[in-house]
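One structure is given here, and the rest of the page talks about it.
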Protein chains: 2
Amino acid sequence: MFVSTLRVKWALDRGGSRKGLKRGRGWVTGMEGKTKNRAATVPPPAGARPTLKTIAFMTGLGITTVSRALKDAPDIGAETKERVRLVAKQIGYQPNRAGVRLRTGKTNVISLVLTLEEEIMGITSPMVVGITEILAGTPYHLVVTPYSSTKDPLGPIRYILDTGAADGVIISRTEPHDARVTLMTERHLPFVTHGRTEMGIVHPFHDFDNERFAYEAVRRLTECGRRRLVLLEPPPNLTFHSHMRTGFERGLKDFGAEAVSFHHVNIDHSLVAIRDAFEQLMRSVDAPDGIVSGSGSGAIALIAAIESAGKKVGQDVDMVTKAPSDFLRWLRPEVMTMYEDIRLAGRELAKAVIGHIEGKPPETLQSLSQPEFQRPVSKSRKV
Amino acid sequence: MFVSTLRVKWALDRGGSRKGLKRGRGWVTGMEGKTKNRAATVPPPAGARPTLKTIAFMTGLGITTVSRALKDAPDIGAETKERVRLVAKQIGYQPNRAGVRLRTGKTNVISLVLTLEEEIMGITSPMVVGITEILAGTPYHLVVTPYSSTKDPLGPIRYILDTGAADGVIISRTEPHDARVTLMTERHLPFVTHGRTEMGIVHPFHDFDNERFAYEAVRRLTECGRRRLVLLEPPPNLTFHSHMRTGFERGLKDFGAEAVSFHHVNIDHSLVAIRDAFEQLMRSVDAPDGIVSGSGSGAIALIAAIESAGKKVGQDVDMVTKAPSDFLRWLRPEVMTMYEDIRLAGRELAKAVIGHIEGKPPETLQSLSQPEFQRPVSKSRKV
DNA sequence: GACGAAATCTGTAACGATACAGTAGCGATG
DNA sequence: CATCGCTACTGTATCGTTACAGATTTCGTC
């Protein structure tokens with residue numbers, strides 16, 4: 001009786017047609033079954049957060065029906081779906097994540113796996129922003145899972161696999177033969193890499209075209225008349241090390257310049273280490289006249305080294321660097337920069353993992369972002 | 001029978017005393033009850049992740065007992081606890097987060113609420129690192145919850161309250177009268193603010209001592225003989241705006257200098273806007289000879305302005321700036337910097353929210369970090 | 001007008017954990 | 001020796017959701 005009354009009330013209140021009621025079950029016989037689990041017969045507590053039960057009570061439907069209606073299942077009537085959706089929206093229903101996760105295993109979590117150490121120049125920040133920009137329109141949350149790169153990089157991956165902590169993973173510092181990629185592929189955990197691999201596994205990635213960057217950098221330097229070029233490269237274990245080297249060497253060949261060897265340090269070393277090593281080079285007879293820097297922070301150390309050696313950028317040497325932010329453009333306009341849009345990378349990575357989770361083919365989830373030279377900061381016109 | 005056998009086997013295997021077994025229930029009568037819910041009688045599936053059920057099966061105990069043993073409940077025997085802990089550790093048991101969350105409401109999540117816009121100079125990055133450093137030793141995960149500051153800052157807070165998405169919240173860009181603080185306090189949601197409020201509500205916070213920063217900056221500038229000082233301040237709605245102003249003005253008074261008015265722009269404005277405004281000032285007859293910059297990125301724009309106006313830092317003007325990273329020290333050693341350790345802030349904030357969640361009194365969860373002048377980058381000694 | 005199929009709705013069990021209300025055994029008490 | 005209280009353990013119900021296996025009604029078919 002109670003249920004039926006309520007159904008009619010609702011139907012009347014919203015002025016809807018009563019057609020749907022005619023064949024409702026329980027309309028007359030409703031109170032006969034065990035009332036134990038008849039959720040819709042028990043009014044929900046007042047201040048509590050709405051659940052399927054709440055909607056079931058309000059609509060007079062069963063919990064299952066409500067669940068299926070919200071999923072747009074084919075065995076639910078069109079009008080019922082409409083009614084359920086309306087009520088759900090009205091009371092601001094949001095599925096309980098714990099309930100869903102427990103039942104289905106779906107976490108609605110994307111995990112961003114970071115080394116605590118890769119934060120030197122704050123690359124993470126815009127990346128997180130980019131990722132969240134995309135996730136904002138989805139049910140996904142972003143969980144940051146750090147690890148100490150001095151330890152096992154597989155640690156966080158294993159944790160996620162063992163505990164089912166995420167539906168998808170974003171990793172960076174990708175290596176040509178990356179054990180994390182192998183593991184996640186084997187275990188069918190959707191992921192995307194920032195950077196590419198060379199294992200013959202087709203997987204989603206986003207990458208900056210470092211080969212092109214180095215190639216264009218060399219072109220530009222030779223256009224400035226520079227012939228003896230040096231490259232501050234990424235650490236050799238990362239994939240983009242070879243990309244950058246390849247571009248650099250192809251550039252040397254195509255534009256007619258020669259390489260000055262400089263392998264003692266790479267962009268992972270401390271600024272002090274880079275400066276000291278490079279200062280030595282700049283003071284030697286082998287000193288280069290053109291520099292390609294694989295990282296913005298590395299460029300800072302190089303500039304310091306050049307100046308310590310009593311030389312000047314834009315005069316004794318020219319320099320092109322990759323830059324994820326634009327303070328160099330402001331402080332050292334004589335340095336030529338190619339902007340690496342990390343925020344964009346974040347967006348692309350997020351889209352790719354979600355695509356992977358949704359089962360899109362990996363080869364459609366790969367993107368490469370093209371470097372472009374930045375123009376100098378515009379001069380003020382006011383004064 | 002099965003159960004009992006297993007229990008003995010276990011006890012023998014690890015060479016433990018059998019005392020505890022003598023009075024075990026179910027030792028003889030075990031198979032009599034309804035076996036339906038006797039979890040321990042059903043072997044767990046092979047490859048699956050271990051649950052309480054798994055441990056219950058292996059130890060021959062009930063699920064409840066295992067649960068309570070792992071919680072070190074007082075009504076569980078010491079030897080049983082030991083046994084359970086051992087097995088749990090052996091098989092790498094980790095409680096299912098969804099199960100706990102659904103039953104208890106505890107999410108084990110800390111939410112970092114960010115504006116998408118506050119990322120200009122990548123302050124987030126080291127902060128995330130600091131937070132995760134602390135969370136690594138706890139069951140907490142870090143979820144990043146962004147919002148567009150152009151919209152309702154209460155949005156994410158309401159979301160967390162409505163959906164019970166987190167056990168604790170970290171917010172920044174704190175205002176003197178901050179609606180988020182009021183709301184979370186009312187609703188008893190543990191939180192911590194990066195920055196202080198002025199509402200008479202005692203709550204956990206971590207803050208940089210911006211008053212002291214500005215005061216010491218003025219001291220230093222006057223020591224350099226500067227007398228006409230300007231302050232690039234935070235936006236007026238944030239609490240640390242007044243802190244910094246107060247320190248600045250107290251410094252002017254104590255050290256005998258005068259303020260040059262400069263309120264058109266603040267550190268939230270674009271670099272271009274700051275530069276244009278400041279260039280105008282530098283070209284006017286009112287030009288200051290000492291500058292205090294409330295942000296590192298702001299300082300970049302100020303430097304550009306100074307140079308556009310044909311002047312030179314360390315010569316025509318001196319400058320002190322707050323700096324969250326050290327590229328200024330490298331690129332503009334003539335600028336004096338006070339380091340703001342954002343990573344430390346992250347650590348302090350994380351400790352404070354957790355403390356708040358654990359019920360520690362808020363007044364014990366407040367900290368202020370003291371600014372210190374940085375020494376210049378050490379010169380290379382190698383060459 | 002019986003029968004099957006289609007359409008639409010339903011209850012039950014389960015995911016893993018915990019709160020709660022027990023129960024069995026045992027020694028002490030009167 | 002009945003009873004009480006204590007220790008150490010237990011099963012049941014529940015959190016919110018969904019998979020699954022029915023139910024019930026309607027309608028077309030023979």
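It should be emphasised that the depicted structure is a prediction, and the values quoted were computed from it without experimental measurement. Naming convention: chains lettered A, B, ... in sequence-line order (proteins, then strands); numbering from 1 in each chain.
Put simply, the side chain of A:His141 never gets that close to the backbone of A:Val109: no donor and acceptor are under 3.5 Å apart. A donor-acceptor pair under 3.5 Å is formed between the side chain of A:Thr163 and the backbone N or O of A:Tyr159. Judged purely by atom type and a 3.5 angstrom limit, A:Thr364 has no side-chain atom pairing as donor or acceptor with the backbone of A:Lys360. B:Arg97 places a side-chain N or O within donor-acceptor distance of the main-chain N or O of B:Asn108, the cut-off being under 3.5 Å. At least one donor-acceptor pair under 3.5 Å links the side chain of B:Thr59 to the backbone N or O of B:Ile55. Here the side chain of A:Asp167 pairs a donor or acceptor atom with the backbone of A:Thr107 at under 3.5 angstrom.
Residues from residues 98-106 of chain A lying near DNA chain C, meaning a heavy-atom separation below 4.0 Å, are A:Leu102, A:Arg103 in numerical order. Annotation: proximity of residues 136-143 of chain A to DNA chain D (heavy atom, distance under 4.0 Å) is found for no residue.
In this structure, B:Arg180 CZ and B:Thr185 OG1 are separated by 12.0 Å, a value rounded to the nearest 0.5 Å. From A:Lys71, atom NZ reaches atom NZ of A:Lys81 across 12.5 Å, with rounding to the nearest 0.5 Å. Within the model, atoms OH of A:Tyr147 and CG of A:Asp152 stand 9.5 Å from one another, a figure rounded to the nearest 0.5 Å.
When the P atom of D:dA8 is taken as reference, atom CD1 of B:Ile63 falls 22 Å away, rounded to whole Å. Nucleotide C:dT18 holds its P atom 13 Å from the CZ atom of B:Arg97, rounded to whole Å. The separation between B:Arg68 atom CZ and D:dC9 atom C1' is 10 Å, rounded to whole Å. Summarising the geometry, the separation between CG on A:Leu52 and P on C:dC9 is reported as 16 Å, rounded to the nearest angstrom. Distance, A:Ile55 CD1 to C:dT10 P: 14 Å, rounded to whole Å. For the pair A:Arg49 CZ and D:dC15 P, the computed distance is 14 Å after rounding to whole Å. Separating the NZ atom of A:Lys81 from the C1' atom of C:dA7 is a distance of 12 Å, rounded to the nearest angstrom. Spacing between atom CG of A:Asp75 and atom P of D:dA21 amounts to 14 Å, rounded to whole angstrom units.
When the nearest nucleotides of DNA chain C are assigned to B:Tyr93 and A:Thr80 by heavy-atom distance, the more 5′-ward of the two goes with A:Thr80.
Between C:dA17 and B:Ser67, no contact under 4.0 Å exists linking OP1 or OP2 to a side-chain N or O. The phosphate of D:dG16 has neither OP1 nor OP2 within less than 4.0 Å of any side-chain N or O from A:Lys53.
Using a 4.0 Å heavy-atom distance criterion, B:Pro95 is classed as a sugar-phosphate-only contact. If you check every strand for non-hydrogen atoms under 4.0 Å, B:Asn96 touches sugar and phosphate atoms only.
A salt bridge does not link B:Asp162 with A:Arg49: none of the charged nitrogens is closer than 4.0 Å to a carboxylate oxygen.
Considering only side-chain atoms of B:Thr51, the nucleotide from D:dT10, D:dT17, C:dG16 that sits closest is C:dG16. Here the side chain of B:Leu61 is nearest to one of D:dC9, C:dC20, D:dT18, namely D:dC9.
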